[in-house]
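These notes are about the structure you will find just below.
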Amino acid sequence: MPHRDEALIKIENLHYAYPRRDAVLKEINFSLYAGERVVINGDNGAGKTTLLHLIVGLKKAKQGDIIALGEVCKTEKQFNKLRAKVGLLFQDPDDQLFCPTVLEDVMFGPLNLGFSKQQAIEKSLATLNSLGLQGFESRITHQLSGGEKRMVTLASVLVMEPDVLMLDEPTNALDEKAKQRLLHVLQALPQAMIIISHDKVFTEQLVTRNLYLQNGHLVASQQKRIAVA
Ligand SMILES: Nc1ncnc2c1ncn2[C@@H]1O[C@H](COP(=O)(O)OP(=O)(O)OP(=O)(O)O)[C@@H](O)[C@H]1O
Ligand SMILES: [Mg+2]
């Protein structure tokens with residue numbers, strides 16, 4: 001276990017460019033501590049999703065370090081270990097849902113972590129219930145509405161009981177009722193979170209620190225307002 005004052009996630013001098021493109025992330029330095037809910041904002045195309053994908057190793061940076069729970073992650077084995085502890089909610093639910101039914105999709109993570117089939121079913125049903133998705137277990141995932149898919153992907157992340165949650169635009173496609181339900185679920189969770197969202201009304205009720213991604217740099221939100229004024 002990391003020391004209690006140690007960052008859960010630490011990013012050091014991270015730099016990333018897509019092939020044949022200018023750098024989208026430049027010298028990113030960031031630490032996430034226990035109890036924090038960090039909201040990252042930034043224009044479309046600023047690199048927010050890219051940053052989350054780099055943290056969980058879906059993309060690999062040539063320059064910079066990702067340190068999760070005290071361990072530098074470079075190899076796929078190290079990132080696999082990280083992904084068991086850092087849950088990412090994808091911006092597009094269709095990138096996250098890949099099993100025929102809702103229950104199979106939610107069970108996939110716990111089974112992967114080594115839980116028995118019975119335990120995985122119990123954990124999955126409890127998580128679905130906590131999100132107001134009771135009765136959804138045998139629904140066909142690709143037939144769900146956008147908002148339903150969003151809540152099911154959240155269930156598939158929360159069922160893993162990750163130490164850190166990374167949510168890429170979690171309120172997309174949610175109606176007001178579902179948004180409120182999500183808000184209450186997140187407010188009650190003890191985990192540290194990184195939340196990417198353009199929904200100020202939603203994030204104001206969760207945030208402990210606001211950051212802004214601008215021209216490849218991750219800055220405190222205040223600096224953005226000064227730059228704009
Ligand atoms: N596979 C790729 N190859 C080349 N360029 C890419 C690729 N994926 C993303 N980009 C570009 O990188 C930049 C950052 O994309 P990213 O998806 O991280 O932005 P974002 O801040 O999440 O935007 P949004 O608010 O629209 O979700 C964009 O200009 C995008 O077009
Ligand atoms: Mg994005």
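Since the model is a prediction, treat every value here as computed from it, not as a measurement. These values consider heavy atoms only, across backbone and side chains, with no hydrogens, waters or symmetry-generated copies. Just so you know, ligand 1 is whichever comes first in the structure, and atom 1 is the first atom listed for that ligand.
Of all protein heavy atoms, the one closest to atom 25 (O) of ligand 1 is Lys48 NZ, 2.7 Å. Looking at atom 5 (N) of ligand 1, its nearest protein heavy atom turns out to be Arg21 NH1, 3.1 Å. In terms of protein heavy-atom proximity, atom 17 (O) of ligand 1 is closest to Thr49 CB, 3.7 Å. Closest protein heavy atom to atom 16 (P) of ligand 1: Thr50 OG1, 3.6 Å. Closest protein heavy atom to atom 26 (O) of ligand 1: Asn44 ND2, 3.1 Å. Scanning the protein heavy atoms around atom 12 (O) of ligand 1, the nearest turns out to be Tyr18 CE1, 3.2 Å.
Around atom CD of Glu27, no more than 12 heavy atoms belonging to other residues, nucleotides or ligands sit under 6.0 Å away. Counting non-hydrogen atoms of neighbouring residues, nucleotides and ligands closer than 6.0 angstrom, the CD atom of Glu161 reaches no more than 12 such neighbours. Enclosure of atom NZ in Lys200 is not indicated, since only 12 or fewer non-hydrogen atoms of other residues, nucleotides or ligands lie within 6.0 angstrom. Atom NZ of Lys81 sits in a sparse spot, with 12 or fewer heavy atoms from other residues, nucleotides or ligands closer than 6.0 Å.
In terms of polar-atom proximity, Val24 is not counted as a contact of ligand 1, lacking any N or O under 3.5 Å from an N or O of the ligand. When only interatomic distances are considered, the shortest N/O to N/O separation between Gly45 and ligand 1 falls below 3.5 Å.
Remark: Glu76 engages Lys60 in a salt bridge, criterion side-chain N to carboxylate O under 4.0 Å.
Not a single heavy atom of Gly42 lies less than 4.0 angstrom from ligand 1. Assignment of His53 to the shell around ligand 1 is not supported, since no heavy atom sits closer than 4.0 Å.
Ring pair Phe90/His53 is tilted by interplanar angle, where 30° to 60° counts as tilted.
An angle of 80° is found at the Mg ion (ligand 2) between Gln91 atom OE1 and Thr49 atom OG1, rounded to 10°.
Only the backbone of Asp43 comes within 4.0 Å of ligand 1, counting heavy atoms alone; no side-chain atom from C-beta on gets that close.
Contact atoms of ligand 1 toward His198: 25 (O) (distance under 4.0 Å to a heavy atom of the residue). Of all the atoms in ligand 1, the ones that sit under 4.0 Å from a non-hydrogen atom of Gln91 are 27 (O).
When side chains are defined from C-beta on, Met107 counts as touching Ile121, because their heavy atoms get closer than 4.5 Å.
Looking only at atom types and distance, the side chain of Asp105 has no donor-acceptor partner in the side chain of Ser156 under 3.5 Å away.
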- Task: Using the side chain to side chain contact (heavy atoms under 4.5 Å, CB included) rule, take Leu186 and Leu167 through it: C-alpha gap first, then chi angles, then the decisive distance, then the call.
- Result: CA-CA 10 Å; Leu186 296 182; Leu167 311 172; 3.7 Å; yes

